[in-house]
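Below: the structure, in C-alpha cells.
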Protein chains: 2
Amino acid sequence: MSDWKSLEYFFKPKNAAIIGASNTEGSVGFTIFKNMKLALGKNAYPVNPNHEIVQGAKAFKSIKEISDQIDLAVIVTPSKTVPNILRECVEVNVKAVIIVSAGFSETGEQELTNELKKIISENPQTRVMGPNCVGVKCFETNVDTTFFAQDRMSIPKKGSLSFISQSGALGSMILDWVSKEEFGISKFASYGNAIDIDESDLIEYLCNDKDTKVITLYLEGAKDGKKFFEVAKKTTLKKPILILKGGKYDSTSQATASHTGSMAGSAKVYEAVFRQAGIINTDGMQDLFNTAKLLEKEKLPKGKRVQIITNGGGFGIIMADHIIHRGMELAQPSRKTIEELEKELPGIKISNPLDLLGDADAQRYRIAIKKCLEDKNIDILVIMCLFTLSPLKPDDIDKMLKKRRPSKTMVVIAVGGEYTEKRLEKIEKLGYTTFDYPNTAAKSLGHACWYADYLKRKKAEK
Amino acid sequence: MSDWKSLEYFFKPKNAAIIGASNTEGSVGFTIFKNMKLALGKNAYPVNPNHEIVQGAKAFKSIKEISDQIDLAVIVTPSKTVPNILRECVEVNVKAVIIVSAGFSETGEQELTNELKKIISENPQTRVMGPNCVGVKCFETNVDTTFFAQDRMSIPKKGSLSFISQSGALGSMILDWVSKEEFGISKFASYGNAIDIDESDLIEYLCNDKDTKVITLYLEGAKDGKKFFEVAKKTTLKKPILILKGGKYDSTSQATASHTGSMAGSAKVYEAVFRQAGIINTDGMQDLFNTAKLLEKEKLPKGKRVQIITNGGGFGIIMADHIIHRGMELAQPSRKTIEELEKELPGIKISNPLDLLGDADAQRYRIAIKKCLEDKNIDILVIMCLFTLSPLKPDDIDKMLKKRRPSKTMVVIAVGGEYTEKRLEKIEKLGYTTFDYPNTAAKSLGHACWYADYLKRKKAEK
C-alpha cells in the first residue's frame, strides 16, 4: 500500500519548478508556469536552459541550480529529454514530479518508458505522476498544472467533488460542465500512463482528504486490480466513489491500449469488482455528472420510498415508472399525512404521484412539500414542476420552495425550453438539486439508494 | 376501421365555433377564441349566451344560430352543460367537435360520460375529440385550440414532426422543447379521455398526412388494443412511430386510471405489441425528444456500422462502448479509406474510434469526414468534438463541417459548458444533428437502426 501522504506534495507544494517553462504564449510550458506563478508567486521557478528570463522571472538552466529544496517538479519537455531530467529531480530529492510530456508507451516508446520505470523503482522517495497527463488542479491551493484553454471553457467554483481521470480531456469536460452548476470542485488529477502513481493511490489520497466529499473517476483499466479493489473497498465506507469505465467491450478495449497504454479488460469482471467494492457504476458521462451533483449536494437517502409531487398527471406517471425501473418504491404516506393533506388540499386526490393538478399554485405545493418532509414513511421527495401550463409565476418559486435547509433527499424536476430553464436556475440557487429530465433524476437517485443500501449491509456485517 | 378523412376537419376546418368564447383575458375561452380568430379570421364564431360581443366579434347564443355550415366546434363550458351543447352540434351537422372541458370519467362523472357516449354512437357523422383535452394545434393552418401560456413557453417552427398525447401537459413540454431546436412541428393533438377519437384514429390520420414525417406518441393505455396494433403496423411501414408509454408497472398504472380514466395494463404486453408493430419504444422524455429529432432530421441508416471520429481518446472510447451497448457495430473502413487516410493524416493511427488527437485542426477533421462519407463500409458517422482542449476556433467550424447536404446518417457530439453549447448551436444551424452527451446519441441511433432493420425484415417477408 502506498504512502498517501506523499501525494500531498502534488496538491499542496510549498514551491515548484516548471521544467520547460516558456515565453511562447499559448504553449503548454507557458500556460503551466503562468498558472503556477499565480498560485505560488516567487516560489514557482522556471527551468529552461535557452532563456535567461521566463515571464519576468529568472530562469534556471537545470533544477539542480535551484538552491531551495523543491516539493514539486513539472516536466513539459520532449519525451527523449525526460529520463535525464527525472534523474536530476531525483538527485536533488524532489518530492513530487508530474511528467506532462507525451510520447511514451501510448505511442509505442517502450524503451523510454522502461528507463523511467527503472529510475522510479530505484528512488521511491520521489513520486511521479504521468507521463502523458495534464496533472493536477487543486481548488484550495490554486496549484494548477493543467493547460486547459481558458477562453474555451469555464472554471467551476471551489467545492467538495474531486475527479480523477486517466484522460485529461474528460477532466476538462467535467470541469467545464460543473462551471454551469451551483456546486464545486475540490481536486482534479489526470494521471495519464500511470507509470508510478495510479488511480488507487489517488483514491487513497482523496479518501483521506477532508475537503473531498465525493470521488469521481474515469477509468480505462486499473493498473493493479487487487490494489484498486482493496483501496476502493476501504474508501467507499467513508465516501462515495463514482466510476465511468471506458473500454467495456473487447472491440473498445483495444482502443484504450493506444489511448493510455492500458488494457481495459472485461466489462463483466469490472462490474462485479465495482459492485463488491461499493463503487457506483455510472453508465455514461451524463449519469456520472448528474450523480456526482446529487451526491455532492444531497444527503444519502435513508431508504428507497419515494413520494412524487407534481402538477402534471402524465409527467408524474412517467417519473413513477422510472422510480420503479431503478429499484426504488412509491412511498405510502402515513395516515396522518393523508388526513392532513385531504383537509388542507380539498379537491386533490391524495396518492402517489400526488397530482396537485394543472392549476396548482405556490401554496398548494408548499403544503404538500411540508407534510411530505415531515412524514417518516417518505425517504425521498421528488418535486415536479410543469411551468408551461401552470399559473405559477416566477416569484412564486420563492413562496413554493423556501431557501433550502438540510433535510431529507429531495430533487426538483422540470422539462422545457428557455422559460423553464430560467426557473430551474433559480431553484438551484435556492439550494435545491434540479434535473431537466425524469429519467436522469431517477437514475441518479437509484445510484444513491444502492450506495446507501451497500453501506447498511456493510454495517450489518460488522 | 375509422374513416381517417373525417379527422381533416379538426386540423383544416374552413370555419369554427368556439362555445364558451370569453372576454376574460387569460381564461381558456378567451385564449382559444383569440387563437382561432388569428387562424380563421371572420370564420371563427364566438358562442356565448351571456355576451353580445366577444373580442370584437358578434356572439351567438347557440351554435344553432350560426347560418354557416360549421366544420369545427370547440366546447369550453362546464361539464354539465356539455351533453346539451353536443346535441346541438349534432343537430346542425357539425363535422368535428373538440370538448376541452374536464369533469368526466377522470373525476368519476360516469353518468355524464355515458350521456356523451350515447350521443356519439347515435351520430357517427360528428367526430368528437376529448373531453378533458387541449385539442389540436396545426402548424400548416394555425388552427389552435390549445391554451398554453404563451409567456411561459415558446412555440416551435413549422416542420414535419407530429405529436399525439393523451396528456396536454406532455404536449406543452415537447412543443417548448422543440422551440429550442432547428427542426419543427407539423401537428399536435391531445385527445384526453378518448370517448370517440383515440390514438389509433390519430395515428391513421397522420399516416396519411403528407406533412408528417415522424409520429411521436405519449400513451397511457390504448383504448382498443387490436385496433391500435393494426393501425400502427400499417403506419410504421410508411413512417416511424415513437412511443413513450406511461404507467408501465402495476403501481404506476393505478395512477393513470385517475389521470385520463384509462387502464394502463402490463408493460411486458405493451412492449411486445410495440416491437411487433414496428413502434420505437423510447424509455423516457429525453429519449423520445432526442430520437424524434434524429428521425426528423436524418435519413434512416442503411446499416449499423458506425465510424467514430474524435479529438479526445477517452471521449471516443466512451462513445464506442455506448454504440456496442445499443446493438450497433464499430465499422471497419475499407482498405482504400485506410490507405488514403494514412497518407493524408500522417502521425494519426487509422482505427475506430479514429482519434485525430488533441491538436486536431479543421483540416484534419475535414479530411477524415470526407473519406468516411465516401466509404461504403460505413453506415453511420459520429463526429465528436472536444472544444475545451482543442485549437479549433469558432470560425473553424465552417471549415470543418461544410453546410450539410443529404448524405449518410451523421451526428455531432460535444460535451461541456457555455462555449461548447454555442458551438453546438452553430453546428445545428449548418444542418447537422447534434447531441450533448454520447449516451443519448447512441440510444437514438440504436432506435433508428432497430427501425431500419424492422423495415428490412418486413420487406423480406413480402
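So you know, we letter chains A, B, ... as the sequences are listed, proteins then strands, and number each from 1.
- When all heavy atoms are compared, the tightest approach of A/Thr420 to A/Ala414 is CG2-CB, 3.6 Å.
- The aromatic rings of A/Phe163 and A/Phe188 lie parallel to each other, their planes meeting at an angle below 30°, with 60° marking the opposite boundary.
- Interface remark: A/Ile323 contributes no atoms to any contact with chain B (heavy atom separation under 4.5 Å).
- Seen from the ring of A/Phe435, A/Lys293 counts as a face-on cation partner, given the 6.0 Å and 45° thresholds.
- Note: B/Met173 leads B/Glu418, B/Glu329, B/Met285, B/Met173 in heavy-atom pairs under 4.5 Å with chain A.
- In this structure, the portion of A/Glu421 lying under 4.5 Å from any heavy atom of chain B is its side chain and not its backbone.
- Comparing A/Leu330, A/Asp176, A/Thr146, A/Asp436 by how many heavy-atom pairs each has under 4.5 Å with chain B, the most go to A/Asp176.
- Residues B/Gly316 and B/Pro353 share a closest heavy-atom pair of O-CG, 3.5 Å.
- For the 3.5 Å distance criterion, the side chains of B/Ser105 and B/Asn193 qualify, holding a donor opposite an acceptor.
- When heavy atoms are compared at a cutoff of 4.5 Å, A/Phe387 approaches chain B solely by way of its backbone atoms N, CA, C and O.
- For A/Thr440, the part lying under 4.5 angstrom from a heavy atom of chain B is the side chain only.
- The environment of B/Lys157 atom NZ is dense: over 12 non-hydrogen atoms of other residues, nucleotides or ligands sit within 6.0 angstrom.
- With chain A as partner, the option from B/Gly26, B/Ser390, B/Pro394 having the largest number of non-hydrogen pairs under 4.5 angstrom is B/Ser390.
- Looking at A/Ser172, both its backbone and its side chain come within 4.5 Å of chain B, counting heavy atoms on both sides.
- The candidate with the highest count of non-hydrogen atom pairs below 4.5 Å against chain B, out of A/Lys422, A/Lys180, A/Glu181, is A/Lys180.
- When B/Ser190, B/Ser165, B/Ser167 are each tested for a side-chain contact (heavy atoms from CB on, under 4.5 Å) with B/Val134, only one passes: B/Ser190.
- With a 4.5 angstrom heavy-atom cutoff, B/Leu392 touches chain A only via backbone atoms.
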